[in-house]
Amino acid sequence: MKKITILGSTGSIGTNALKVIEGKSNQFEVLAISGYSNLNLLLEQIEKFDPKYICIGDESKANLLKSKYPDKEIYFGDEGLKAMGALDEADIVLTAISGAVGIEATVEAIKKEKRIALANKETMVAAGEYINKLLKKYPKAEIIPVDSEHSALFQSMQGSRKEEVQTLIITASGGTFRGKTLEELKDVTVEQALKHPNWSMGKKITIDSSTLVNKGLEVIEAHMLFGIDYENIEVLVHPQSIIHSMVEFKDSSIIAQIGVPDMKLPIQYSFTYPSRESNIVLERLNLKKLKELTFSQVDNEVFKGVQLAFEAGKTGKTMPCVFNSANEIAVELFLKGKIKFLEIYEIIEEAMKSHQIEEIESLEIIKKVDKETRKWVYENYGRN
Ligand code: NAD
Ligand code: MG
């Protein structure tokens with residue numbers, strides 16, 4: 001039995017992970033789960049999966065859980081998340097929290113040399129340089145990507161060496177506003193931005209998909225995970241979301257990973273790697289029903305999220321952290337109706353312009369830059 005910790009069990013990735021585990025209950029068991037504010041769903045999950053450790057956002061909810069489950073270990077807040085990442089009994093830690101709050105728990109899991117099934121892309125973007133240094137220090141820790149594109153790249157590279165890679169080709173659905181002009185995007189609503197054509201996901205990543213900032217985050221994530229230069233990373237719009245990404249090799253061969261757009265497969269692969277296994281919850285792709293697979297360039301004039309990420313990534317050091325933190329707050333402000341859709345790009349761009357880059361000597365630097373950037377965005381754009 002492999003014991004799994006799920007950080008962010010109440011989210012879209014978290015609930016899918018629980019379905020994967022249910023389908024393979026002879027092999028996997030839930031050791032620990034964490035939620036933030038959705039206490040009801042967390043309670044349901046506790047009843048169903050009987051985890052030994054539980055973490056929740058605030059102390060009052062934690063006290064409630066403590067009185068209901070006196071024999072379980074209950075944690076709360078950011079410190080609680082860290083403790084969850086560090087549990088000795090875990091075999092796998094799935095990081096399915098949304099946003100940079102996931103960094104410290106991931107760091108703890110690396111220090112304990114766990115397998116980290118990494119969904120939380122913000123960690124690799126904001127702290128990638130630091131995480132990579134840490135992985136050298138703790139060589140038994142391993143990060144298996146869960147993000148569908150990175151899982152696809154990882155799968156496509158099995159049996160190959162990094163030196164043989166020519167280009168990582170990251171596919172993008174193009175988001176809900178694909179084909180729209182700047183004029184048409186000026187007054188789009190939150191509701192419109194939350195409608196993703198192919199994937200059902202949490203709110204933050206759905207907005208990121210509509211701006212293509214998600215694709216930008218994924219470019220940096222790919223660079224950090226696979227050590228491939230930015231010059232050799234490309235984004236292609238592929239509206240059908242069937243090819244989850246591909247790798248072009250030096251000899252011109254392209255290897256792609258194809259499947260239905262469903263996160264359960266990359267989640268399971270991160271648990272079972274290097275083996276591939278059946279699971280009743282996994283849907284099969286019917287190739288005969290596929291009508292077409294198309295590819296086109298990103299419209300960088302309209303969707304600036306990708307180019308800004310390349311810029312932040314190439315600058316390196318603390319700049320990717322600023323890109324990520326500015327976007328997190330911009331998305332929060334957009335969801336609250338405080339800024340317009342296109343201001344998300346403006347905020348990221350301006351935050352990057354006003355940032356003085358620093359060397360990442362410790363995790364403290366990342367935490368400081370993250371905090372300062374959030375403050376800067378609130379001060380300059382958080383009007384009522
Ligand atoms: P979600 O919003 O559905 O879920 C987020 C989870 O994090 C919830 O369990 C929530 O309780 C928890 N959480 C949020 N804020 C928290 C905080 N401050 N402290 C502690 N816990 C907190 O998000 P999601 O769509 O499941 O995405 C999770 C992560 O996976 C993100 O980093 C996202 O980019 C990545 N990802 C998601 C998908 C997808 O299909 N949903 C695909 C690829 C990558
Ligand atoms: Mg993705």
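Keep in mind that this is a model prediction, so the values were computed, not measured. Counting convention: from 1, in listed order, for ligands and their atoms alike.
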Q | Check: Tyr345/Glu350 side-chain N/O donor and acceptor closer than 3.5 Å | A | no
(Q) Using a plain distance cutoff, I'd like to know if Glu122 has any nitrogen or oxygen under 3.5 Å from a nitrogen or oxygen of ligand 1. (A) yes
Q. Looking only at side chains, do Gln155 and Ser151 share a donor and an acceptor under 3.5 Å apart?
A. yes
Q.
Show me which atoms of ligand 1 lie under 4.0 Å from any heavy atom of Gly202.
A. 1 (P), 2 (O), 3 (O), 23 (O), 25 (O)
Q.
Give me the nearest non-hydrogen protein atom to atom 9 (O) of ligand 1 as residue plus atom name, then the distance to 0.1 Å.
A. Thr10 OG1, 2.7 Å
Q: Decide whether Ile13 and Ile207 are clustered together by the hydrophobic rule: side chain heavy atoms of Ile, Leu, Val, Met, Phe, Trp, Tyr closer than 4.5 Å, transitively.
A: no
Q. Looking at residues at least two apart in the chain, or sitting in another chain, which of them share a salt bridge (Lys or Arg N to Asp or Glu O under 4.0 Å) with Lys112?
A. Asp88
(Q) What protein heavy atom lies closest to atom 34 (O) of ligand 1? Include the residue and the distance to one decimal. (A) Lys121 CE, 3.1 Å
Q) If waters are left out, how many protein N/O/S atoms lie within less than 2.8 Å of the Mg ion (ligand 2)? A) 3
Q | Within reach of ligand 1, part of Ala96 (heavy-atom separation under 4.0 Å) | A | backbone
Q) Using a side-chain heavy atom cutoff under 4.5 Å and only I, L, V, M, F, W and Y, what cluster partners does Tyr75 have? A) Leu7, Leu31, Tyr53, Leu81, Met84, Leu87, Val93, Ile97, Val101
Q: Among all protein heavy atoms, pick the one closest to atom 35 (C) of ligand 1 and tell me residue, atom and distance.
A: Ala119 O, 3.1 Å
(Q) If we count only N and O atoms by modelled type, under 3.5 Å, do the side chains of Asn214 and Glu218 hold a donor and an acceptor together? (A) yes
Q.
If I apply the N/O under 3.5 Å rule, does Tyr36 come out as touching ligand 1?
A. yes
Q. Mind checking whether Phe177 and Phe341 have parallel, tilted or perpendicular rings, split at 30° and 60°?
A. perpendicular
(Q) Could you identify the single nearest non-hydrogen protein atom to atom 43 (C) of ligand 1 and state the distance to 0.1 Å? (A) Asp147 OD1, 3.0 Å
Q) Going by distance only, is there an N or O of Met201 that falls short of 3.5 Å from an N or O of ligand 1? A) no
Q | Shortest protein contact, atom 3 (O) of ligand 1 (heavy atom only) | A | Ser12 N, 2.8 Å
Q.
Please classify the Asn120 to ligand 1 contact at 4.0 Å (heavy-atom distances, strictly less than): side chain, backbone, both or neither.
A. both
Q) Are Phe154 and Tyr273 an aromatic pair by the rule of ring centers under 6.0 Å? A) yes
**Q.** Donor-acceptor side-chain pairing of Thr294 and His238 below 3.5 angstrom
**A.** no
Q.
Contact between Leu41 and Gln45 at the side-chain level, heavy atoms closer than 4.5 Å - yes or no?
A. yes
Q. Taking side chain as C-beta onward, heavy atoms only, is Val107 less than 4.5 Å from Tyr130?
A. yes
Q. Looking just at side-chain N and O atoms, do Ser325 and Asp370 make a donor-acceptor pair shorter than 3.5 Å?
A. yes
Q. Under 3.5 Å between some N or O of ligand 1 and some N or O of Ser200?
A. no
Q) Should the heavy atoms of other residues, nucleotides or ligands under 6.0 Å from NZ of Lys61 be counted, would the total exceed 12? A) yes
Q) What residue and heavy atom of the protein are closest to atom 31 (C) of ligand 1, and at what distance? A) Ile97 O, 3.6 Å
Q. Got the closest protein heavy atom to atom 36 (N) of ligand 1, with its distance?
A. Ile205 CD1, 3.6 Å
Q: Under 4.0 Å from a heavy atom of Gly11: give me the atoms of ligand 1 that qualify, with their elements.
A: 1 (P), 3 (O), 4 (O), 8 (C), 9 (O), 26 (O)
Mind listing the side-chain donor-acceptor pairs of residues 252-261 below 3.5 Å, one per line with the distance, residues two or more places apart or on another chain?
none

Q. Who's the nearest protein heavy-atom neighbour of atom 38 (C) of ligand 1, and how far?
A. Ile13 CD1, 3.4 Å
**Q.** Ion pair check, Lys317 and Glu358, cut-off under 4.0 Å
**A.** no
Q.
Once you restrict to heavy atoms under 4.0 Å, what part of Leu7 touches ligand 1? Side chain, backbone, both or neither.
A. neither
Q.
List ligand 1 atoms under 4.0 Å from Gly35, heavy atoms only on the residue side.
A. 11 (O)
Q. What part of Met263, side chain, backbone, both or neither, has a heavy atom within less than 4.0 angstrom of ligand 1?
A. side chain
